[in-house]
Amino acid sequence: MGDQELPGVLILGVGGVEGVLENHVGLLKKNFHLITMKEFLENKKELSEKIKSIFIFERRPTIDRGLLESLPNLKVIANSGVGVDHLDLKLISTFGVKVTSTPQAVSDSTADTGMALMLASARRLVEGCQIAVSPDTERFAVDWLGVEVTGATLGIIGMGRIGYKVAKRAKAFDMKILYHNRKRRKEEEEQAVGAIYCKKMEDLLQQSDFVMLVVNLTPQTHRLIGKRELELMKPTATLINISRGAVVDQDALVEALQNKVIRAAALDVTYPEPLPRNHSLLKLKNIIITPHIGTATVQATCMMTEEAITNMLAVLNGLPIPSEVCPK
Ligand SMILES: O=C(O)[C@H](O)CO
């Protein structure tokens with residue numbers, strides 16, 4: 001089949017197809033005729049009917065009514081990654097378009113990121129690096145203590161696929177694991193990682209040395225952690241966020257970190273991303289911020305592309321869809 005006969009996929013991300021890693025382009029090209037947004041906008045008349053799917057491979061592009069109306073044969077929007085808070089699922093479903101995500105591909109790398117942030121914050125690795133290379137050698141390993149992860153209590157808020165993988169890893173650190181989730185896990189799943197269910201999030205917040213946020217961003221989890229929740233945490237506790245920035249009230253977090261209501265925070269996600277350069281969070285010492293790199297590994301990005309391709313082909317061929325996101 002010639003390239004032009006393959007189903008058209010509109011590629012959305014920074015830099016068009018050039019921004020997609022080389023091996024991903026290869027994988028996509030085997031199955032699809034790739035069309036960038038630039039090409040589409042330059043040649044809407046010819047291309048709009050050809051586009052059957054949209055592949056979102058990075059960042060969070062807006063898919064609005066105008067775009068949906070201009071693609072009469074669109075069947076599927078395949079998102080790389082598991083968070084779909086950037087998509088208006090209800091609007092998309094009114095066009096009869098399916099949305100898919102890549103939960104299999106992202107969970108290990110995101111769980112690893114959570115562990116990395118917890119360890120880095122506990123042992124003050126970023127400050128340590130700065131001191132090790134500083135011209136002020138007087139500061140080398142002086143008066144400078146972190147806290148231990150081993151044996152500490154970890155509270156996981158959101159015990160889906162990623163939260164559970166975090167628990168598995170934390171077990172190897174002999175951590176006491178508490179979790180809060182809408183739905184309690186099966187007893188055998190709890191036992192396998194030694195996790196204890198906290199029906200009330202407040203109980204988890206009061207008892208944990210490290211609180212890790214692993215929830216999806218939904219209206220229910222928007223600003224889930226605010227002033228009240230931060231004040232419930234131990235003054236020695238650390239907040240780690242690997243979900244979405246808007247799950248935390250950032251003004252309340254700034255205040256809590258300034259006033260030592262909690263020890264520290266480690267965030268892979270903020271609101272907005274990136275933070276404006278004059279944002280108060282960037283001025284604090286007891287914080288680590290990484291640029292939303294939860295899934296940024298060679299392996300995870302390859303797997304995301306593969307998973308997205310499988311999803312797109314399933315929709316286009318009328319097969320069961322491995323990772324469909326339900327509109328509600
Ligand atoms: O949603 C996800 O899986 C990650 O945040 C990557 O966007």
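Index from 1, following the sequence. Bear in mind that the values here come from a model prediction, so they are computed numbers and not experimental data. First listed ligand is number 1; within each ligand, the first listed atom is number 1.
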According to the side-chain hydrogen bond (donor to acceptor under 3.5 Å, both in side chains) rule, which pairs have a member within residues 86-95, sequence neighbours left out?
N79-H86
Per the under 4.0 Å non-hydrogen criterion, ligand 1 touches R60, G81, V82, G83, V106, R244, H292, T295
Please, which pairs that meet side-chain hydrogen bond (donor to acceptor under 3.5 Å, both in side chains) have at least one residue in residues 270-284, sequence neighbours excluded?
E273-H292
Please confirm whether R185 makes a cation-pi placement over Y164, using NZ or CZ under 6.0 Å from the six-membered ring centre and within 45° of the ring normal.
yes
Please tell me if the side chains of V147 and D209 come closer than 4.5 Å, counting only heavy atoms from C-beta onward.
no
Quick test of your reading of the model: are D112 and K165 salt-bridged, counting only N-O distances below 4.0 Å?
no
Residue set satisfying ring pair (Phe, Tyr, Trp, His ring centres under 6.0 Å) with F210, at least two apart, ordered chain then number -> none
